[in-house]
Amino acid sequence: MCLSAFVVQKFHPMKIDKTQIQKHNDKLYSAHQRKVKQLVNENTAAKRVINKLVDFHIAIPSWALGTGGTRFGRFSGGGEPRNLEEKISDVGLLHSLNKSSGAISLHIPWDIPTSTRKIKALAAEHGLQFDAVNSNTFQDQPGQKHSYKFGSLQHVNAKVRQQAIDHNIDVIKHGKALGSNSITVWLSDGSCFPGQLNFRKTFQRTLEGLQEIYAALPSNWKMFVEYKAFEPNFYSMTVGDWGQSYLYASKLGPKAYTLVDLGHHLPNANIEQIVSLLLMEGKLGGFHFNDSKYGDDDLTVGSINPYQLFLIFNELVEGMDARKMNHATDLGWMIDASHNVKDPLEDLLQSVEAIKIAYAQALLVDRRELNRAQEANDVAKAQEILQQAYRTDVRPLVAEARFKAGAALQPIQLFRDLDVRKQLIFERGLKTVATGL
Ligand code: LRH
Ligand code: MN
């Protein structure tokens with residue numbers, strides 16, 4: 001693309017229009033159709049799967065549009081969003097490429113809108129909605145009266161607890177103004193050493209704080225209580241596992257649910273079993289999808305353990321159908337990732353793709369045959385049925401769903417062919433830093 005074109009677009013933030021998508025699809029369509037036809041001939045469920053995939057959207061975290069970095073270093077890729085407007089435009093880019101990222105999840109105070117009216121209009125322009133808003137009592141903000149060094153809702157000092165409660169209620173206000181209908185409360189609260197906390201008092205103080213926040217929820221809202229096994233506390237976390245999150249959510253009331261961040265478990269935890277039981281209890285609220293090999297690595301979804309992701313969706317399809325839940329709307333589908341070596345937008349495109357592949361494979365599982373094998377203790381047969389679905393290359397179905405929704409058959413290829421990152425660097429510069437992690 002010549003410099004003059006760049007110059008012309010300087011004043012019109014990067015957008016991908018229908019003709020660019022059309023031109024890209026035209027080149028790939030015939031090969032794509034051949035693969036889809038073959039899958040449709042082999043799988044009676046294929047057409048139903050495609051329609052289900054069209055409706056299935058995953059919310060993008062506002063804090064994952066730049067380079068995260070670790071405490072050892074941060075290597076920016078350039079062209080990162082400098083403000084909420086540019087974050088929304090980046091999610092708009094993702095959504096125009098895959099028509100599967102139709103919502104953004106904001107983090108307060110990192111994403112407080114300068115003008116709520118303008119931000120809502122900009123989001124609508126990109127076909128985006130506002131998913132769960134996230135509170136932040138894991139950092140001290142400039143000018144903050146009380147420090148969260150020793151926790152927030154768990155704190156021994158009632159003034160600190162009240163400050164954290166007020167912040168969460170403020171986050172709900174921002175969410176309401178933007179049209180969101182849920183809040184995710186992740187507490188970094190906990191302890192680093194034995195003896196530091198009285199666990200019973202800590203639980204009760206935290207519950208009282210959550211109850212005050214719960215009382216401020218609008219009638220149609222949900223509260224997601226996100227648990228995490230460790231970090232930034234390394235002896236105990238006050239919402240440390242699914243059991244504790246379930247305990248809080250059950251004591252809080254019908255609008256409170258647990259939130260499963262895949263990276264928040266101890267090594268080798270059976271997350272698909274946790275998902276199955278929380279769903280059975282009607283207390284599973286949603287997900288923060290990512291992948292990890294060790295800790296809360298926040299890596300690309302499906303990049304380390306795609307079979308686990310498939311097994312989680314296998315339990316989701318089974319459990320949601322058992323409760324006659326709507327797959328697309330009845331749970332919170334969100335990504336929570338952080339990027340160090342990949343282009344943030346390519347990383348998010350890969351994550352959305354991996355989630356939709358796992359969902360499509362789970363929809364292909366022959367449930368009647370699986371149930372028959374389970375009831376017959378035919379363990380080998382059960383595995384064969386599961387892995388038949390897992391080993392089916394459903395990517396053409398995921399691409400066909402994109403095509404039907406007006407998106408690109410190969411989003412990352414088009415992202416690269418259009419030099420999107422170079423354009424964003426031209427617009428924003430090499431050294432821009434996005435607020436977030
Ligand atoms: C905590 C967490 C939480 C967010 C934060 C950005 O590890 O998963 O969901 O608030 O990441
Ligand atoms: Mn998370």
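All heavy atoms count here, side chains included; hydrogens, waters and symmetry mates do not. Indexing begins at 1, ligand by ligand and atom by atom, following the structure's order.
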H126 meets the ring-ring contact (aromatic ring centres under 6.0 Å, His included) criterion, sequence neighbours left out, with none

**Asked** When the ring centroid of F289 is compared with that of F313, is the distance short of 6.0 Å?
**Response** yes

- Message: I want to know whether Y235 and F193 have ring centres closer than 6.0 Å.
- Response: no

Below the 3.5 angstrom mark, is there an N/O of [X], backbone or side chain, next to an N/O of ligand 1?
{"X": "W186", "answer": "no"}
{"X": "W110", "answer": "no"}
{"X": "H288", "answer": "yes"}

Touching ligand 1 at all, N134? Heavy atoms, strictly under 4.0 Å? no

Does E231 come within less than 4.0 Å of ligand 1, judged by its heavy atoms?
-> no

Output field for angle at the Mn ion (ligand 2), D336.OD2 vs H288.ND1, rounded to 10°, should show 100°

Logged contact type for D296 with ligand 1, heavy-atom cut-off 4.0 Å, is side chain

Quick look: D336 vs ligand 1, heavy-atom contacts under 4.0 Å, and the answer is side chain

Per-atom filter on ligand 1: closer than 4.0 angstrom to a heavy atom of D261 are 8 (O)

